[in-house]
Amino acid sequence: MDNGPAPRTVAELGEFGVIERITRDRRASPAESIGPGDDAAVLAAPDGRVVVTTDMLVQDRHFRLDWSDPDDIGHKAIAQNAADIAAMGARVTGFVVALACPPDTTLDFVDRLNKGMSDEAARADGAIVGGDLVQAPILVISITAMGDLGDRAPVLRSGARPGDVVAVAGTLGRSDAGWAALRAGRRDLTDVIDAHRAPRPPYAAGITAADRGATAMSDVSDSLLADLGHIATASGVAIDVALSALADPVLDAAARELEADARQWVLTGGEDHALAATFPPDVALPEGWTTIGRVEAGAGVTVDGAAWSGNSGWQSFTV
Ligand SMILES: Nc1ncnc2c1ncn2[C@@H]1O[C@H](COP(=O)(O)OP(=O)(O)OP(=O)(O)O)[C@@H](O)[C@H]1O
Ligand SMILES: Cc1ncc(C[n+]2csc(CCOP(=O)(O)O)c2C)c(N)n1
Ligand SMILES: [Mg+2]
Ligand SMILES: [Mg+2]
Ligand SMILES: [Mg+2]
């Protein structure tokens, strides 16, 4: 019997067909868990507490289809959520993925988006256990991540104390540099463009930081200055950052090409999802962490002892 041409778009295959296609490989969920397919998922919460966070990506606000491949968008959507779990000192247990897309979205696009999400979920050691699929005029990906602290205390933004060391794990400023390269049409600057399209946060560093006694932690989503600012405010302390500790030859090379200021990227660029944390002064930093500053008495964030002039990072409602 001839069933006609194979469906090509989300509208042609239909909601339940697409869900079946997305979840086909996801039946195997972690032990004691129920994954996609029922009214809700069930996740084990081994220590009785659940860490939970949500972040969304909106087309033309967080990504552009002419700048990012579908798998990049998937990576980024999962990464920005898993980074918030890591920033609490927790490990990811599961994700639920709510996807809104236009009816003419191709199945190839959905497959590749799904592959990017699955690959990054695997990097974060978590499973995609459910979601939602609806029609919308543009793409919106809203993800909720759940995590487990084991026997650790959560690392809050409020625990930094004067005398603590400030350190980061992961790269800073490369995503902003990549965004600048894309706006300038400089597709050859692949190091920074790749970092913008698909950040790879250092999830394990969040857990090692917690185990080593980190006093406060955050991922860097808006900018180093803005996110350290949140730690400073929540902790009632001042933070001073040493610019010399933030040098990155990849950024310097991109800055030469784009006639830009690498310092601006590193201090005020968002979307790298590096981890920034404070540690007591007598602690040996875990592998992957680099000292970039110090916690002091007072308020606010300074760079080499002075206020940073100019903008301090992304704000959703100003542009
Ligand atoms: N609409 C909302 N309702 C309730 N709480 C919210 C809402 N939006 C944000 N929050 C809470 O406010 C806090 C700060 O949110 P924010 O989104 O800035 O954090 P983030 O996810 O670490 O940063 P980013 O969104 O840049 O990745 C979080 O605890 C978040 O759960
Ligand atoms: C098309 C396009 N325009 C602008 C940007 C830059 N950008 C978007 S969100 C964000 C920080 C986190 O914000 P939020 O708090 O909304 O997650 C930044 C720096 C981009 N990536 N793509
Ligand atoms: Mg958020
Ligand atoms: Mg976030
Ligand atoms: Mg965060």
Side-chain angles (χ1 to χ4, degrees), residues 49-63 68 72-92 95-98 100 117 120-121 124 126 140-147 149 153-160 166-176 178-179 195-207 209-210 214-235 239 265-278 289 301 311-319:
R49 299 169 295 179
V50 175
V51 184
V52 60
T53 184
T54 189
D55 267 323
M56 52 204 301
L57 291 183
V58 174
Q59 184 179 342
D60 296 330
R61 288 295 303 173
H62 299 92
F63 63 87
S68 296
D72 295 329
I73 299 164
H75 272 281
K76 188 169 179 172
I78 289 286
Q80 65 168 3
N81 279 278
D84 277 319
I85 298 288
M88 299 302 288
R91 71 176 183 88
V92 171
F95 301 94
V96 288
V97 175
M117 288 196 289
E120 191 61 23
V140 179
I141 306 160
S142 176
I143 296 187
T144 299
M146 270 76 54
L149 283 158
V155 185
L156 308 181
R157 295 177 177 183
S158 54
V166 181
V168 292
T171 58
L172 287 168
R174 291 190 187 184
S175 177
D176 203 25
W179 183 30
H196 177 77
R197 286 178 169 159
R200 298 284 197 274
Y203 307 121
I207 292 173
T215 50
M217 184 151 58
S218 177
D219 72 317
V220 181
S221 54
D222 290 331
S223 77
L224 182 66
L225 292 183
D227 290 308
L228 288 181
H230 294 316
I231 289 179
T233 303
S235 301
I239 288 178
W265 286 332
V266 98
L267 293 170
T268 71
E271 300 186 286
D272 290 289
H273 300 288
L275 298 175
T278 56
W289 287 87
V301 181
N311 86 340
S312 68
W314 174 266
Q315 288 185 11
S316 282
F317 292 95
T318 54
V319 276

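Every heavy atom of this structure was used, including side-chain atoms; hydrogens, water molecules and symmetry mates were not. Ligands are counted one by one from 1 in listed order, and the atoms in each one are counted from 1 as well.
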> Under a 4.0 Å heavy-atom cut-off, what residues line ligand 1?
Replying inline: D55, D84, R157, D219, S221, D222
>> Test of understanding: with ring pair (Phe, Tyr, Trp, His ring centres under 6.0 Å), list the residues that count as partners of W265, not counting sequence neighbours.
In response: none
> Taking all non-hydrogen atoms of both residues, which atom of R174 and which atom of A195 are closest, and how far apart?
Replying inline: CB-CB, 3.6 Å
> So, for A214 and V155, which heavy atoms are closest and what is the spacing to 0.1 Å?
Replying inline: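 For A214 versus V155, the nearest heavy atoms are O-CG1, 3.8 Å.
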Would you confirm whether [X], through its side chain, and [Y], through its main-chain N or O, come within 3.5 Å as a donor-acceptor pair?
{"X": "T54", "Y": "I143", "answer": "yes"}
{"X": "W289", "Y": "A205", "answer": "yes"}
{"X": "T215", "Y": "T278", "answer": "yes"}
{"X": "K76", "Y": "H62", "answer": "yes"}

>> Test of understanding: with side chain to side chain contact (heavy atoms under 4.5 Å, CB included), list the residues that count as partners of Q80, not counting sequence neighbours.
In response: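 In terms of side chain to side chain contact (heavy atoms under 4.5 Å, CB included), with neighbours along the sequence ignored, Q80 is linked to D55, L57, H273.
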>> Restricting to under 2.8 Å, identify the protein N, O or S atoms around the Mg ion (ligand 5) as residue plus atom.
In response: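 Metal shell, protein only: D84 OD1, D219 OD1.
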> Picking from D227, L225, L275, what satisfies side-chain contact (heavy atoms from CB on, under 4.5 Å) with V220?
Replying inline: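 Going through D227, L225, L275 one by one, the side-chain contact (heavy atoms from CB on, under 4.5 Å) with V220 is satisfied by D227 alone.
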